[in-house]
Amino acid sequence: MNKLEQLLQELCPAGVEYKELSTIFNTRNGYTPSKSNKEFWENGTVPWFRMEDIRENGRILSRATQMVSRSAVKGELFPANSIIVATSATIGEHALITVPSLANQRFTCLALKPEHQHLFNIKFLFYYCFRLDQYCKECLNQSNFASVDMKKFAKFRFPIPPLPVQCEIVQILDNFTELTAELTAELTAELTARKKQYEYYHDKLLTSNVIGEYKKIGEVCNLHYGKGNKIPQNGGQYPVYGCNGIVGYTDIFNSEDAPIVGHIGSAGSVTWGSGKHFVTYNGTVCTPYRDIVLSRYLYHVLISANLENKVKGNQPFLSASDFSNIRVYVPLLAIQQHIVAILDSFDALCNDLTSGLPAEIAARQKQYEYYRDKLLTFKELTA
């Protein structure tokens, strides 16, 4: 029996009490001081947190990338050791703020009520808020703008295990978080190095002085736009590709194993259409002339062609004629097959979510989330 199990058995063998969020916390909405008042934004001393702070600096924060002046503060600052939770726009994010501060209107601040401060280790609540994040995603208002139903938000329930139990869980999760971060950093560094290696060989192999000749893209494949933009609501067996990846499923197809170039929207992006699939008008289907070029070789060639440089208009747009005259090197089919085998191996290592380094990074994160969830699961005390 480990230390945590001993504590649970000694201190709360019958379970733990749960209380609703509104009982434990004072809640306040964040806000953005008027941008037209320069006094609010000059010589700022008050940290003003946004989603960008979490993305750039993590979930336990003492500094903000933007500061506001004291004159911008309405009432009191959010107290130190408050938790901010995203309740509109980007739902499912939170952070522990260790200094007095403000946040923008995307966040709701949770500050422990004085009468409950002796019951909690704030980092235990911070870790439990990962469950609150998921709950928020499941309690959205039905509108065009993503926001959390705040009545349901107030009813989210937190467990109250004894403080020694909370502290032990925090220590375990702190250690596990640090270890997971170190492993992820190592894998990310390896992935970055492999991507640079992939880019080097990608360019080198596609411009090698081997037997072949330069041809226009329009000479090695048929270019035509997909059809329609309405995706059947009932889905189907074939993936539907738009300008930059899968956007739905349908029961009909208009392309098979071919690269797709973004036509409108993410214009110039190159996606691989796997198997039988349907392409909307937002994508250009590139069907290879198979006696000249292999589908996967064409895919790698299009990636290296920097098609984004050909995009036009305020609304990004790339017509087939805009890139059909770009000249690319086309070696013999046997050489193409050899090049494809090498580049596909690199591609899988760098980008495949079911294998390779991205899959390993995702697996580490899932493992971390699994053990965190187990540690934060308690039997509820019955009356």
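All values below were derived from every heavy atom in this structure, side-chain atoms included, with hydrogens, water molecules and symmetry-related copies excluded.
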request  = Please assess D149 against N141 for the test side-chain contact (heavy atoms from CB on, under 4.5 Å), listing each intermediate value before the final yes or no.
outcome  = CA-CA 5 Å; D149 183 325; N141 288 315; 3.7 Å; yes
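- Here CD1 of I83 is found 11.0 Å from NZ of K123. Values are rounded to the nearest 0.5 Å.
- More than 12 heavy atoms of other residues, nucleotides or ligands lie within 6.0 Å of CD in E115, so this atom counts as buried by the packing criterion.
- Among residues at least two apart or in separate chains, salt bridge (Lys or Arg N to Asp or Glu O under 4.0 Å) pairs with a member in residues 322-340 are K312-D322.
- Using a 4.0 Å cut-off between charged side-chain N and carboxylate O, E380 and R157 make a salt bridge.
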query = After noting the C-alpha distance and the side-chain angles of I326 and K310, does the key distance pass the side-chain contact (heavy atoms from CB on, under 4.5 Å) rule?
reply = CA-CA 10 Å; I326 294 177; K310 297 288 184 178; 3.9 Å; yes
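- Between S274 and Y241 there is a side-chain heavy-atom pair separated by less than 4.5 Å.
- In this structure, the ring of F25 has its center no less than 6.0 angstrom from the ring center of H116.
- Here the closest heavy-atom approach between residue D257 and residue H277 is recorded as N-CE1, 3.6 Å.
- Heavy atoms only, all atoms of each residue included: V85 and L132 are closest at CG2-CD2, 4.0 Å.
- Nearest heavy-atom pair, K74 versus Y31, reported as atom, atom and distance to 0.1 Å: N-OH, 2.7 Å.
- For the residue pair N104 / T32, no side-chain donor-acceptor distance below 3.5 Å is found, with atom types taken as modelled.
- Side-chain contact between M67 and P47: present, with at least one pair of heavy atoms (C-beta onward) separated by less than 4.5 Å.
- Checking side-chain atoms of Q166 against main-chain N and O of N121 turns up a donor-acceptor pair under 3.5 Å.
- In this structure, the side chains of L318 and P316 stay at 4.5 Å or more apart for every pair of heavy atoms.
- To the nearest 0.5 Å, atom CD of residue E186 and atom CD of residue E182 are 7.0 Å apart.
- With rounding to the nearest 0.5 angstrom, the CG atom of L4 is 11.5 Å from the SG atom of C167.
- Interatomic distance, I260 CD1 to N282 CG, rounded to the nearest 0.5 Å: 11.5 Å.
- One N or O on the side chain of Q336 and one on the backbone of L294 form a donor-acceptor pair closer than 3.5 Å.
- For the residue pair S295 and P259, the shortest heavy atom distance occurs at O-CD, 4.0 Å.
- Checking side-chain atoms of Y135 against main-chain N and O of K152 turns up a donor-acceptor pair under 3.5 Å.
- With E369 as the partner, the side chain to side chain donor-acceptor pair (under 3.5 Å) test is satisfied by one option alone out of K366, R372, Q365: Q365.
- Here the shortest heavy-atom pairing between C286 and L302 reads SG-CD1, 3.9 Å.
- Judged by distance alone, the side chain of W48 and the main-chain N or O of S69 form no donor-acceptor pair under 3.5 Å.
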message = Pair Y297, V340 - check side-chain contact (heavy atoms from CB on, under 4.5 Å), show working.
response = CA-CA 6 Å; Y297 183 82; V340 165; 3.8 Å; yes
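- When each of T98, I97, T177 is checked for a side chain to side chain contact (heavy atoms under 4.5 Å, CB included) with I60, only T98 meets the rule.
- The heavy-atom pair separating G245 from T271 by the smallest distance is N-OG1, 3.7 Å.
- Side-chain polar atoms of Y127 and D174 form a donor-acceptor pair below 3.5 angstrom.
- Looking at heavy atoms from C-beta onward, L61 lies out of side-chain contact with I84 at the 4.5 angstrom threshold.
- In this structure, H94 has its ring center under 6.0 Å from that of F130.
- By the criterion of side-chain heavy atoms lying less than 4.5 angstrom apart, applied directly or through intervening Ile, Leu, Val, Met, Phe, Trp or Tyr residues, V148 is grouped together with L110 in one hydrophobic cluster.
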message = Determine whether T287 and H224 satisfy the following criterion, side-chain contact (heavy atoms from CB on, under 4.5 Å), listing intermediate values before the conclusion.
response = CA-CA 8 Å; T287 306; H224 62 278; 3.6 Å; yes
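- Using a 4.0 Å cut-off between charged side-chain N and carboxylate O, D373 and R131 make a salt bridge.
- Using a distance-only test at 3.5 Å, with no hydrogens or angles considered, a donor-acceptor pair links the side chain of S269 to the main chain of C243.
- Hydrophobic clustering (side-chain heavy atoms under 4.5 Å, transitive across Ile, Leu, Val, Met, Phe, Trp, Tyr) keeps F107 apart from F156.
- Not a single donor-acceptor pair under 3.5 Å links the side chain of Y329 to the backbone N or O of V301.
- A heavy-atom distance below 4.5 Å is not found between the side chains of Y368 and R364.
- Around OH of Y289, the count of heavy atoms belonging to other residues, nucleotides or ligands within 6.0 Å exceeds 12.
- At distances below 3.5 Å, not a single donor-acceptor pair connects side-chain atoms of Q9 with backbone N or O atoms of Q6.
- Looking at L21 and T27, their side chains come closer than 4.5 Å, going by heavy atoms from C-beta outward.
- Formation of a donor-acceptor pair under 3.5 Å by the W41 side chain with backbone atoms of S34 is found in this model.
- Under the side chain to side chain contact (heavy atoms under 4.5 Å, CB included) test applied with R50, the options Q66, Q105, E56, R55 reduce to a single match, Q66.
- Side-chain atoms of T90 and R106 form no donor-acceptor pair, as typed in the model, at a separation below 3.5 Å.
- Here SG of C12 is found 9.0 Å from NZ of K379. Values are rounded to the nearest 0.5 Å.
- Grouping the Ile, Leu, Val, Met, Phe, Trp and Tyr side chains by contacts below 4.5 angstrom, directly or via other members, places L298 with F323.
- Residues K215 and V293 fail the side-chain proximity criterion, which asks for heavy atoms closer than 4.5 Å.
- Under a hydrophobic clustering in which Ile, Leu, Val, Met, Phe, Trp and Tyr are joined whenever their side-chain heavy atoms come within less than 4.5 Å, directly or via other members, V270 and I339 fall into the same cluster.
- Counting non-hydrogen atoms of neighbouring residues, nucleotides and ligands closer than 6.0 angstrom, the CG atom of N175 exceeds 12 such neighbours.
- Relative orientation of the H263 and Y281 rings is perpendicular, given thresholds of 30° and 60° on the angle between their planes.
- Atom CG of L343 and atom NE2 of H338 lie 9.5 Å apart (nearest 0.5 Å).
- Just one residue in the list F378, F158, F120, Y18 forms a ring pair (Phe, Tyr, Trp, His ring centres under 6.0 Å) with Y128, and that residue is F158.
- If you chain together hydrophobic residues whose side chains sit under 4.5 Å apart, V261 and I217 fall into the same group.
- Remark: aromatic rings of F278 and F253 are distant, center separation not under 6.0 Å.
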